[in-house]
Amino acid sequence: NPGINPAALVVGKTLVIPRGAQATGEALPTPAAMPVTQARCWPPASGGLWCLALLQNPYVETLENLSAQFTLLDSSGQELASQAAYGLLDILPPGESMPLAAYFPPPVRADVQVRAQVLTAVRLLPGDARYLPAVVQNSLVTLDASGRTAQVSGKVLLGGETPAKSVWLLATAYDSSGDVVGMRRWEASSTLTAAAPLPFEFQVASVGPAIDHVHFLVEARP
């Protein structure tokens, strides 16, 4: 199911589910444990609560299909609300971190704490051809006067000869303490080739303090 986002399934979407009647003898991807390096919530002016968690890939393999469960707790540890969140990219390269976010609508108590637990993270098998190497170059981040909105731009370059028909770019905004305060995914509208890098330009906003820096992750599919 290439291009399917589990966090945005619509009515009428067709999914292909293999019958699995024959065993091929190939190794299956191994579910992986991974750390949640931070989890905290920010109350927007409109009410409710934005909760963001940062998941880090400690393995030498790329991880796929990241998801986590966000749970709001009161001061006594009693569960108040819970929901699942999914990565805005399908993969997370070795050593990199990806934020996941969940919004809890009002009313939300002021004394809540958040707990984030990883639900899924699968190691990719060596030689997986579903993803292509791509990098971000010449990135530029310009903050507005408040520091809470950043205009980002740059280019996505392909690392091989196979054209990428699908290119996603994730911009993650951090405050001066290193906490995630915003995130946004950009999707290319044209094919990426080795001869023609794709320019990008968009905005990412903070749901908390002012933005200090922005980090980029890119995903390309043939």
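Bear in mind the structure is a predicted one, so any value in this text is a computation, not a measurement. The chain is numbered in sequence order, starting from 1.
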Val204 and Val152, any side-chain heavy atoms less than 4.5 Å apart: yes
Pairwise side-chain contact, Val36 with Val118, heavy-atom cut-off 4.5 Å (strictly under): yes
Exercise: identify the closest heavy-atom pair between Val156 and Ala134: CG1-CB, 4.3 Å
Path from Leu157 to Trp186 over hydrophobic side-chain contacts below 4.5 Å: no
Side-chain H-bond candidate by donor/acceptor type, Gln203 with Gln151, under 3.5 Å: yes
Partners passing side-chain contact (heavy atoms from CB on, under 4.5 Å) against Thr120 (at least two apart in sequence or in another chain): Ser67
Quiz item: cation-pi between Arg40 and Trp42, 6.0 Å / 45°: yes
Heavy-atom closest contact (Ala39 atom, Ala116 atom, distance): CB-CB, 4.0 Å
Cation-pi check, Arg123 onto Tyr59 ring (under 6.0 Å, within 45° of axis): yes
Joint hydrophobic cluster, Met183 plus Val141, side-chain heavy atoms closer than 4.5 Å: yes
Separation between CH2 of Trp168 and CG of Leu217, rounded to the nearest 0.5 Å: 13.5 Å
Min side-chain heavy-atom separation Leu72-Cys41 under 4.5 Å: yes
Side-chain donor or acceptor of Arg185 paired with backbone N/O of Leu88 under 3.5 Å: yes
Heavy-atom side-chain proximity of Leu54 to Tyr174 below 4.5 angstrom: yes
Rounded distance [0.5 Å steps], CZ in Arg115 versus CD in Gln113: 10.5 Å
Smallest separation among heavy atoms of Val180 and Gln38, with atom names: N-OE1, 2.8 Å
Any donor-acceptor pair under 3.5 Å from Arg109 side chain to Asp74 backbone: no
Distance in Å, Ile91 CD1 paired with Leu63 CG, rounded so as to fall on 0.5 Å steps: 10.0 Å
Salt-bridge present (Arg130, Asp90; N to O < 4.0 Å): no
Pairwise side-chain contact, Lys165 with Pro222, heavy-atom cut-off 4.5 Å (strictly under): no
Single-linkage hydrophobic cluster Phe202~Val207, side-chain heavy atoms < 4.5 angstrom: yes
Reported CG-to-CG distance for the pair Leu192 and Leu198, which is rounded to 0.5 angstrom: 4.5 Å
hydrophobic_cluster_shared for Leu73 and Leu52, side chain cutoff 4.5 Å: no
Over all atoms of both residues, closest heavy-atom pair of Asp212 and Ser176: CB-N, 3.5 Å
Under 3.5 Å: donor-acceptor pair, side chain of Ser153, backbone of Phe200: no
Non-hydrogen side-chain atoms of Val136 and Lys155 separated by less than 4.5 Å: no
Heavy-atom side-chain proximity of Tyr131 to Leu124 below 4.5 angstrom: yes
CG on Leu169 to CG on Leu89, rounded to 0.5 Å: 8.0 Å
Greater than 12 external heavy atoms within 6.0 Å of Glu187's CD: yes
Steps toward side-chain contact (heavy atoms from CB on, under 4.5 Å) verdict (Thr71, Val114): CA-CA 6 Å; Thr71 304; Val114 65; over 6 Å; no
Nearest heavy-atom neighbours spanning Ala85 and Phe70: CB-CE1, 3.6 Å
Check against side-chain contact (heavy atoms from CB on, under 4.5 Å), Phe216 and Thr172: CA-CA 6 Å; Phe216 299 97; Thr172 303; over 6 Å; no
Name each donor-acceptor pair under 3.5 Å that joins a side chain in residues 93-104 to protein atoms two or more places apart or in another chain, with its distance.
| residue | atom | partner | partner atom | Å |
| --- | --- | --- | --- | --- |
| Glu96 | OE1 | His215 | NE2 | 2.9 |
| Tyr103 | OH | Gly47 | O | 3.0 |

Minimum heavy-atom distance Pro163-Leu158, with the two atoms named: CA-CD2, 4.1 Å
Heavy-atom donor-acceptor pair, Asn65 side chain to Ala121 backbone, under 3.5 Å: no
Distance-only donor-acceptor check, side chains Ser177 and Asp179, under 3.5 Å: no
Approximate separation, where rounding is to 0.5 Å, of Leu143 CG and Thr149 OG1: 9.0 Å
Any side-chain heavy-atom pair of Ile211 and Val181 under 4.5 Å: yes
